[in-house]
Amino acid sequence: MRDADMAETSPVRGAMVIKPWGYGVWEQLQQELDRRIKATGHENCYFPLFIPLSFIAKEAEHVEGFAKEMAVVTHHRLKNIDGKLQPDPAAKLEEPLVVRPTSETIIGDAFSRWVRSHRDLPLLINQWANVVRWEMRPRLFLRTTEFLWQEGHTAHASQEEAVEETMKMLEVYRSFAEDWLALPVIAGEKPENERFPGAEATYSIEAMMQDGKALQAGTSHFLGTHFAEAQNIKFQDDVGTLTFCNTTSWGVSTRLIGGVIMTHGDDDGLRLPPAIAPRQIVVVPMLRDKPEDAEVLAYCESLVAALSGLSVFGQPLRALLDTKKIKSAEKRWNWVRRGAPLILEIGPRDAAGGNVTFMRRDSLRDGDKVKSIACSRAEFLEEKAVQLLAEIQHGLYAEAKARLDANIISGVTDWAGVEAYFSGDEDAFKGWLKVSWSRPSGAELDAVEQKLKGLKLTIRNAPLSQPDSFAPCLFTGKPGVEEILIGRAY
RNA sequence: CGGGGCGUAGCUCAGCCUGGUAGAGCACUAGCUUUGGGAGCUAGGGGUCGAGAGUUCGAAUCCCUCCGCCCCGACCA
């Protein structure tokens with residue numbers, strides 16, 4: 001990630017500095033997802049970073065789930081005591097504030113004031129924000145102490161409508177991940193033990209990284225009336241009865257960028273799907289401090305201007321002329337590492353002959369050699385540029401999709417089979433197993449969880465698409481009711 | 001919080017055992033040469049050796065305390 005110029009670690013443990021190239025990817029992702037969230041009827045708001053401690057305590061399961069990873073603000077002033085700058089005891093807050101790990105409670109508080117009548121519903125709100133979760137083991141992009149995300153929060157008159165909303169947003173995430181990030185995913189329901197604290201049902205999209213591990217790439221929760229009851233979100237229906245709302249929440253984060261990196265990267269660095277590449281085409285002029293440099297530069301400038309006039313994926317094409325004063329060959333490799341989809345190398349001969357020489361980042365090499373392709377400027381502008389970007393986008397998806405499909409393994413019906421598949425070298429590639437189970441709960445589910453833990457496995461989700469009949473439960477031997485995916489996860 | 005490892009140049013690390021006052025490669029700066037593709041040569045800049053206390057004529061090196069980071073477990077978008 002450092003070589004790809006995306007982000008670096010910071011003086012604050014677990015918190016990263018996102019560099020321009022990495023933030024550019026986030027902006028591309030953010031812009032498109034924001035568009036899709038608005039297209040489904042939601043509006044953006046902004047709620048405070050700080051949440052009164054008492055708010056968090058309102059929903060019992062919610063507190064329990066997040067208590068261990070909460071940053072707490074207890075003072076509002078520093079004082080120099082014995083030569084050391086420290087919190088001023090006189091400035092202790094009466095009620096501590098927590099830094100939001102998620103905003104159900106503070107948004108719910110607003111909802112309780114905003115919702116009066118069935119005419120106020122549904123209430124469809126989204127916010128883009130940073131949140132803090134004090135994780136034990138942070139990992140760049142995948143699990144940082146502070147991360148950027150969007151969290152949607154909605155309130156509905158009926159359970160059916162809230163469930164429908166939950167599923168609708170899950171589908172928004174699935175299609176966004178697949179067509180915009182080229183990230184194939186499995187959408188499904190999380191088992192009871194993996195639910196969001198306080199949720200009635202949690203759904204996720206799960207992506208497979210190149211080492212076979214699963215990454216939860218997005219979640220959508222049906223919260224029932226749990227939060228509404230805890231926070232008094234009520235409405236009067238059309239006959240005047242006072243009823244609790246059904247609420248939902250759903251989010252994706254900067255973790256998606258980690259998913260893109262770990263799905264599409266190769267030995268030469270990152271490979272960005274063109275749809276989210278901050279620069280889709282980078283022109284590197286091969287300059288040599290000679291008089292003909294001026295012609296090469298002029299040719300490149302007009303090329304970039306023409307490219308910028310094109311449109312791809314329904315947006316203006318993003319092209320860049322890299323004029324940084326470093327060696328051209330080195331410049332070219334920097335763009336390879338960053339994952340720019342198309343890199344054009346333009347020398348005096350191209351400029352004189354009206355040609356374009358380029359490299360495709362998705363299929364950079366032919367054996368050990370880097371593949372350099374040439375065509376006329378006209379052909380590149382009128383045909384190749386847009387066509388290749390679309391081809392790269394689809395190609396990256398297809399490659400990852402083939403890996404996902406090939407490594408979801410069915411047919412294992414007993415625990416010995418699970419052990420056999422996941423035994424041996426822990427670093428070796430292991431995919432996921434799709435197994436049948438009886439959907440146990442309570443103590444029976446705990447036992448399953450513990451058993452899986454022995455092999456460092458977790459239940460990822462129960463895919464939305466299920467067969468008509470099931471083998472007996474792999475864990476309990478009871479009749480199977482559902483297929484679930486199990487695997488190792490980040 | 002338990003177990004293990006490590007803090008020396010921007011980065012990766014050597015030196016520490018057997019104390020004598022700082023090294024390499026990459027990166028950076030300059031010059032020359034080279035160049036249809038991740039160059040070479042030469043010269044140079046850059047370090048209170050994580051912090052503090054101790055032993056000693058002398059500490060990166062030995063002793064003690066503290067701080068930080070990484071890996072393995074419990075937690076997780």
Atom CD of A:Glu8 to atom P of B:U12: distance rounded to whole Å? 12 Å
To the nearest Å, give me how far apart CG (A:Leu455) and C1' (B:G73) are. 16 Å
Value in whole Å for how far the P atom of B:U35 lies from CG of A:Leu287: 17 Å
Which residue lies toward the 5' end of RNA chain B, A:Gly14 or A:Glu345, if each is placed at its nearest nucleotide? A:Glu345
To the nearest Å, give me how far apart CZ (A:Arg139) and C1' (B:C72) are. 14 Å
Can you tell me if A:Lys327 touches the phosphate of B:G40, counting only side-chain N or O atoms and a distance under 4.0 Å to OP1 or OP2? no
Determine, for A:Lys168 against A:Glu171, whether the closest basic-nitrogen to carboxylate-oxygen distance falls under 4.0 angstrom. no
Does B:G37 have OP1 or OP2 under 4.0 Å away from a side-chain N or O of A:Lys331? no
Treating A:Thr254 as the side-chain partner and A:Phe141 as the backbone partner, does any N or O pair qualify as donor plus acceptor under 3.5 Å? no
Taking atom C1' of B:C72 as reference, at what distance in whole Å does atom NZ of A:Lys456 sit? 7 Å
Return the value, rounded to whole Å, for the distance between atom CZ of A:Phe147 and atom P of B:C75. 18 Å
May I ask you to say whether A:Arg360 pairs ionically with A:Asp362, meaning some side-chain N is under 4.0 Å from a carboxylate O? yes
With a 6.0 Å cut-off on ring centres, are A:Trp149 and A:Trp250 close enough? no
Rounded to whole Å, the CE-P distance (A:Met359 to B:G38) equals 11 Å
